[in-house]
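First comes the structure, then the notes that go with it.
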Amino acid sequence: MYQLSNLITNLNKELKKYNINESIDLKISTIQNYDFQINNLVKFQKNKDIKKIKSSFSEIIENEPFIKHYEITDKYFINLLINIELFLPGIENLKDSIKVKKPKKIILDYGGPNIGKPLHVGHLRSLNIGRSLYQINKFAGHNVLNDIHLGDWGMPIAQIICYTDENNIDLGKVKIDDLEKIYPKASKLYSEDPDFNLKAQNVNKQLNEKKEPLLEKWKNIKSISVQSIKEALSLLGHDFDLWMGESDVNNLIPTMIKQLYEKNKISMDGGAYISNFQSDPKILITKSDGSYLYLTTDLATVLDRQKKNKFDKTIYIVDKRQKLHFEQLFNSIKFFQFGNEEFLHVEFGTVNDSKGNPFKTRDGDTKKLSELYNETILKIKEINEDLDEDSYKLLANTVLTYSDLITNRKTDYKFDLDKFTNISGKTGIYVQYAFVRANKLIENSNIDVENINLVFSDIRDLDNNLIKCFLKFEYYYFQALVNNEPHHLADYLYELSNLFNSMYQDENILENTNEIVKLNKLKIAYYFLFYSKMVMELLGIQPAQKM
RNA sequence: GCUCUCGUAGCUCAAAUGGAUAGAGCAACAGACUUCUAAUCUGUAGGUUAUAGGUUCGAGUCCUAUCGAGAGCGCCA
């Protein structure tokens with residue numbers, strides 16, 4: 001809590017006096033009647049100075065106006081109760097106070113979709129997690145750029161070109177639907193037909209050498225595909241600062257390889273370059289025919305970004321099966337002495353169907369994202385058939401986002417549309433409903449709610465529960481920020497919404513005969529809207545105005 | 001074969017660096033609506049955190065073994 005930062009600083013200083021290198025952690029209280037707890041002292045129960053520390057801690061906490069009440073137990077657990085009357089007015093300054101002092105420049109790399117293939121369910125998580133991390137880091141004041149980083153180079157493209165050559169298909173006239181049908185066929189041939197395999201390898205090599213007319217064909221595929229990807233993303237509410245791809249760094253690779261070889265960082269091995277970094281398996285830098293790999297372009301991309309967008313940190317939001325690739329990438333960056341920036345693989349689990357099997361269509365293909373989107377719209381229409389198209393769109397995107405972010409990103413999860421569109425439970429529908437309800441309440445009151453002053457002596461229990469929940473925002477926000485885990489905020493949003501609904505349902509607010517209680521509740525509903533909207537935005541969800 | 005990840009309530013999932021009595025949702029059961037949007041709320045029940053050891057003031061979390069599940073493992077991305 002930003003209001004407690006002085007307290008934490010003072011407690012930390014105190015620990016230093018006793019040569020204890022420990023930074024105070026404020027946790028949400030697990031016991032009743034308190035808001036936060038500090039568990040750091042427990043570890044030092046046997047420290048000879050513990051009694052002195054305890055008494056100086058008491059003195060410091062005693063003098064903190066934001067703490068209404070506290071205790072330090074026999075085992076040295078510290079329990080704190082917050083002074084709500086001082087806390088609530090501070091909400092206005094929350095967004096400014098939470099900003100970091102030294103903003104970083106962060107690049108989010110989505111390890112984007114491949115061109116020639118439609119967006120499918122496998123892309124859902126990097127899009128959702130990425131968008132949320134973008135918002136979360138911006139909220140902290142960081143300078144963030146997101147790069148879709150298209151897979152627009154390499155074997156998949158070569159396979160498509162090879163297939164169209166073999167079958168006399170004019171790429172100038174091909175539509176996206178045709179392209180999406182071509183790739184699976186080409187891919188199948190590539191793995192089953194040695195002759196086709198050889199030809200495609202050759203196409204890939206020539207493409208690497210930027211030979212015409214292959215380059216022209218590649219441009220065709222890319223432009224058709226990018227247009228389709230942009231349309232799909234716009235429907236799902238995603239956009240990108242950078243539309244870079246693997247192809248953009250091709251011209252940097254020959255020099256990169258040459259220099260690495262001269263510095264004795266890589267060696268020839270049967271025509272291929274491998275890294276001299278000691279590892280098992282060895283790290284392959286190029287193929288034996290000289291053409292490039294995923295790792296080659298990712299390395300060159302680092303150099304490219306250093307030139308174009310000086311950055312402090314790159315976060316790769318890519319599924320966890322690619323863990324080894326990123327280990328190799330990060331080890332190589334260090335070993336090749338490319339730079340001292342921070343590199344991080346934010347990994348996530350796979351999305352399966354409700355039975356736990358890979359998400360497929362009836363024909364056995366990976367399910368398209370647009371198909372999932374349409375099914376979600378239909379489900380929502382079952383709940384309410386009288387809404388406008390924009391509202392359906394907004395709610396469908398809420399469902400696709402919220403149900404994805406509610407689970408810890410590291411675990412594989414089951415996408416169960418029936419469950420995720422449920423009107424009760426931890427769903428996007430539920431949190432939007434609470435928001436719409438609160439908005440309507442304030443609208444119906446015809447009162448200038450913003451300027452109501454709370455009367456603290458008349459705060460009811462259920463009102464207080466909601467206020468106490470506001471206290472927790474920064475804790476969950478911090479969890480989400482430092483661990484790159486949006487699910488803390490998604491879960492928090494449910495908790496907020498649930499407590500609001502409890503307050504709302506308990507007694508009729510607008511017809512309350514006690515005017516003070518009524519105004520209190522309206523003001524708290526107003527605060528609820530503030531928090532709910534803020535958290536939704538951090539998750540990449542647009543608040544609904546009606547539903 | 002090697003490497004890594006995981007195992008928490010009937011189901012789906014939480015529990016930051018080890019902290020006090022392991023929490024939610026769904027489903028089940030019992031209640032509350034001529035509504036400020038019941039698309040809601042209230043309550044009950046549900047656990048030897050896979051198993052067996054160990055480390056320590058304290059273990060779902062760390063270590064070891066076993067059982068079970070999944071993923072990855074130079075010329076795909």
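Nothing here was measured: the structure is a model prediction, and the numbers come from that model.
Residues satisfying the side chain to side chain donor-acceptor pair (under 3.5 Å) test with A/Asp412, not counting sequence neighbours, are A/Lys320, A/Thr350. Residues passing the side-chain contact (heavy atoms from CB on, under 4.5 Å) test with A/Ser279, sequence neighbours excluded: A/Phe277, A/Ile283. Under the rule for a side-chain contact (heavy atoms from CB on, under 4.5 Å), A/Lys414 has no partner lying at least two apart in sequence or in another chain. For A/Ile516, the side-chain contact (heavy atoms from CB on, under 4.5 Å) partners at least two apart in sequence or on another chain are A/Val455, A/Asp458, A/Asn514, A/Asn520. Not counting sequence neighbours, the partners of A/Lys222 by the side chain to side chain donor-acceptor pair (under 3.5 Å) test are A/Asp152. Every residue two or more places apart in sequence or in another chain was checked for a side chain to side chain donor-acceptor pair (under 3.5 Å) with A/Asn422, and none qualifies. Scanning for side chain to side chain donor-acceptor pair (under 3.5 Å) contacts around A/Asp35 gives A/Lys468, with sequence neighbours left out.
If you measure from atom CG of A/Leu324 to atom P of B/rA77, you get 15 Å, rounded to the nearest angstrom.
Among the nucleotides B/rA24, B/rU40, B/rC57, the one closest to the side chain of A/Gln45 is B/rC57. You'll find that the side chain of A/Arg321 is closest to B/rA71, out of B/rU37, B/rU42, B/rA71. Here the side chain of A/Gln322 is nearest to one of B/rA77, B/rC36, B/rA39, namely B/rA77. Listed candidates were B/rA20, B/rC36, B/rC41. Nearest to the side chain of A/Thr73 is B/rA20. Nearest to the side-chain atoms of A/Glu511 among the listed nucleotides B/rU40, B/rA20, B/rC36 stands B/rC36. Comparing atom distances between the A/Lys323 side chain and each of B/rC4, B/rA24, B/rC75 picks out B/rC4 as nearest.
The six-membered or imidazole ring of A/Phe500 lies near that of A/Tyr504, with a centre-to-centre distance under 6.0 Å.
The residues A/Glu180 and A/Lys368 are annotated as salt-bridged, a charged nitrogen and a carboxylate oxygen being separated by less than 4.0 angstrom.
Regarding contacts with the backbone of B/rC41, a side-chain N or O of A/Asn498 is found under 4.0 angstrom from either OP1 or OP2. An OP1 or OP2 oxygen of B/rA39 is reached within less than 4.0 angstrom by no side-chain nitrogen or oxygen of A/Tyr430.
Here A/Glu443 lies out of heavy-atom contact (under 4.0 Å) with every strand. Here A/Gln201 lies in heavy-atom contact (under 4.0 Å) with sugar-phosphate atoms only.
RNA chain B forms stems at B:1-7 with B:67-73, B:10-13 with B:23-26, B:28-32 with B:40-44, B:50-54 with B:62-66, each a run of 3 or more consecutive Watson-Crick or G-U wobble pairs whose two key distances fall under 3.5 Å.
For residues 288-298 of chain A, proximity to RNA chain B is found at A/Ser288, A/Tyr292, A/Leu293, A/Tyr294, defined as any non-hydrogen atom under 4.0 angstrom from a strand atom.
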Item to check | Protein-to-nucleotide contact annotation, 5' to 3' order, nucleotides 11-18 of chain B [B base; S sugar-phosphate only; - none; under 4.0 Å, heavy atom] | outcome: -SSSSBB-
Below 3.5 Å, can you tabulate the donor-acceptor pairs from side chains in residues 189-196 of chain A to any protein atom, sequence neighbours excluded?
{"residue": "A/Tyr190", "atom": "OH", "partner": "A/Gln201", "partner atom": "NE2", "Å": "2.7"}
{"residue": "A/Ser191", "atom": "OG", "partner": "A/Ser187", "partner atom": "O", "Å": "3.4"}
{"residue": "A/Ser191", "atom": "OG", "partner": "A/Lys188", "partner atom": "O", "Å": "3.0"}
{"residue": "A/Asp193", "atom": "OD1", "partner": "A/Asp195", "partner atom": "N", "Å": "2.9"}
{"residue": "A/Asp193", "atom": "OD1", "partner": "A/Phe196", "partner atom": "N", "Å": "3.3"}
{"residue": "A/Asp195", "atom": "OD2", "partner": "A/Lys199", "partner atom": "NZ", "Å": "3.4"}

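For residues 109-127 of chain A, the set of pairs meeting the salt bridge (Lys or Arg N to Asp or Glu O under 4.0 Å) definition, not counting sequence neighbours, comprises A/Asp109-A/Arg305, A/Arg125-A/Asp404.
You won't find any donor-acceptor pair under 3.5 Å spanning the side chain of A/Asn422 and the base of B/rA27, going by distance alone.
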